[in-house]
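Heads up: the structure comes next, in structure tokens.
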Amino acid sequence: MERPASANDFTIGARLSKARVARGLSIDEVARSLKLSPRIVSALEEDAYDRLPGPTYVRGYLRGYALLLGLSAQQLIDGFNNLPQAAQRADMTAPAPVREASSSDTLMRFGTVLVAVIVFGLAALWWSGKDGSTRRRPAPVATAPSSSETPARAPEAAAEPEPAPVPETPAKAEPPVKPAERPAVAAAPAASPEAVATPPPLDPNAPRAHLTLRVSEDSWADVRDAQERRLLYETIPAGRVVNVEGAAPLSVFLGNVEGVSVEFNGQPYDALRHRRGLVARFTLGSSGGN
Amino acid sequence: MFKGIRGFFSSDLAIDLGTANTLIFVRDKGIVLNEPSVVAIRQEHGSRNNRSILAVGHEAKKMLGRTPGSIQAIRPMKDGVIADFTVTGEMLKFFIRRVHENRLFQPSPRIIICVPCGSTQVERRAIRESAIGAGAREVYLIEEPMAAAIGADLPIMDPTGSMVLDIGGGTSEVGVISLGGIVYSHSLRIAGDKMDEAVINYVRRKYGLLIGDATAEHVKKEIGTAWESSEVRELEIKGRHIADGVPRSQVVNSQEIHMALSECLSGIVTAIKIALEQTPPELGADIAEKGLVVTGGGALLRDMDRMLAEKTGLPIIITEDPLTCVVRGCGRALMESEKLSDVFVHE
């Protein structure tokens, strides 16, 4: 057990260990007479101060151990005091209560009120904007001139409330006709899209574009033609196929782009590359629109 | 009225207002005063109630038991609490001025004072009032076991049990601390003074010799021991013989003093055992692993650690410089009062 002398023998632990061996004591015996656990005694001998409770305790243990072995306690303690571990003091920071999100915090209250105000403000803005747009533009019903629904879903589509901004719409010949036509679509699903179609394009030179949306998951769609008129503006339930025709370029805004496959002028079009999160916004039929 | 302004010119203080000694710690300076809590008062004859302070601290302690009729040397603190309110106030005022020596203004510091954990509301209020009477701007109280634990640099804020025993002049305090709070504390009025008394009684009974407090304290410090089989020492003491009425000298040895002290010591051991019984088992396990930290003047009694270790089965750690441990703890509480605000006593 006796190890040859080395630089290591100058450490406190080595001196203790050497003196203990010289006295023929085992760690357990020392631990018993110091009332310490053998773990602490071996930590002392290995200079493993991170396994010991703290400088105050270590000094106490060293003093007791030194007295037991007949070493100079003060020398050992001085030796320990020179170590960096001896200088560290217990942290007196009280355990902080986890109360950052308490509802009684002034900041939290203020924040909540602020958020509520912003939300209400935005909601108000949205409502006023919506009213304005419905008033300014022709009614959505009127602006879906060439849309035709698949027969299975038609009644539902007709049931969608598109109430009477119709009287307000500017005096074109067509609008008054619309309300009558819509039920007709519902009642006679076989009715050709052409029957519903109204010829709104004002610019005869503008190329006509044909857009087909095959919807596999419920999705919101907003399609506008070159004059920014709404050709389609509604939630389309899954399983329906919607055809839209209008003056190009068509600006398309899809709510759930993954659930819609797009065909433009009979060609499949990859809308997913315009995807941002769930939605996609893109223009079809313009100069570089494709 | 001008306390706020005067406070600007005053240093914050931490005071260990002990039964035996008063220690003062000044922010950024350390311990600047360590004097016995003794006041000598001259009672002037001509006018009524005209008492003047003759001496405070070391000077006054020399007069204890040696005063003529016109002078009273008194210890205004008894059993860790104020026994004489006005004199304590005067003493505090004297000490506070002493540490603010070369100041133009009357000092008005913020003060942290430690109180025994067993002290009553009335006793705490008395200490607070006397500090305010001495000119303090604000007074914070801290319980002694907590101050001792902070002074001993124990990890009081950690979720681990730390047990501390402070054997002072008037009271011994045992406390178990975890997470910045006192889990268990007990204050017993067995400490240095009781030991002196025990020595006086023993010498009187055994040798029929009357000795004073100062001699008894000297005997205790020189040859007193807590462990029966420690090395035997002898000391010659002088006192008045009861039967003859004349001074006599007598040699006493440490074993006799140990016998004299044994009752006090067993009282302290009992208090530790009760504390261990009352401590929740997890904290008890921590304490058994790390040990009991002993502070205060009583820790300096020879072989105190050995006796406590044998009787309680715990590892015993006597802190470095146990006499100043409590005031150092108060001082640290003063320096880090933002962090440690929870440890102050709130009434």
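What you see below is based on every heavy atom in this structure, not just the backbone, and it leaves out hydrogens, waters and symmetry mates. Naming: A, B, ... by sequence-line order, numbering from 1 per chain.
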B:Glu289 portion near chain A, given a 4.5 angstrom heavy-atom threshold:
both
Value rounded to 0.5 Å, distance of OG1 in B:Thr319 from CZ in A:Arg63:
8.5 Å
Can you say whether B:Arg332 sits under 4.5 Å from chain A via the side chain, the backbone, both, or neither, judging by heavy atoms?
side chain
Report which part of B:Glu310 has an atom under 4.5 Å of a heavy atom belonging to chain A: side chain, backbone, both, or neither.
both
Just so I know, are the side chains of B:Arg306 and A:Leu67 near enough to count as touching, which here means a heavy-atom distance under 4.5 Å?
no
Within the supplied structure, the quantity of interest is the number of heavy atoms (other residues, nucleotides, ligands) at a distance under 6.0 Å from A:Leu114 CG; does it exceed 12?
yes
If you compare all heavy atoms of B:Ala309 against all heavy atoms of A:Lys35, which two are closest, and at what distance to 0.1 Å?
O-CE, 3.2 Å
Quick check: are there more than 12 heavy atoms from other residues, nucleotides or ligands sitting under 6.0 Å from CZ of A:Arg281?
no
Shortest non-hydrogen separation from A:Tyr57 to B:Pro155 and the atoms involved:
CE1-CD, 4.1 Å
Would one find more than 12 heavy atoms of other residues, nucleotides or ligands at under 6.0 Å from atom CD of B:Glu336?
yes
Quick one: are B:Lys339 and A:Asp91 in side-chain contact, heavy atoms under 4.5 Å?
yes
B:Thr312 versus chain A, the contacting section by heavy-atom distance below 4.5 Å
neither
Donor-acceptor pair, distance only, cut-off 3.5 Å: does the side chain of A:Thr56 make one with the backbone of B:Leu154?
no
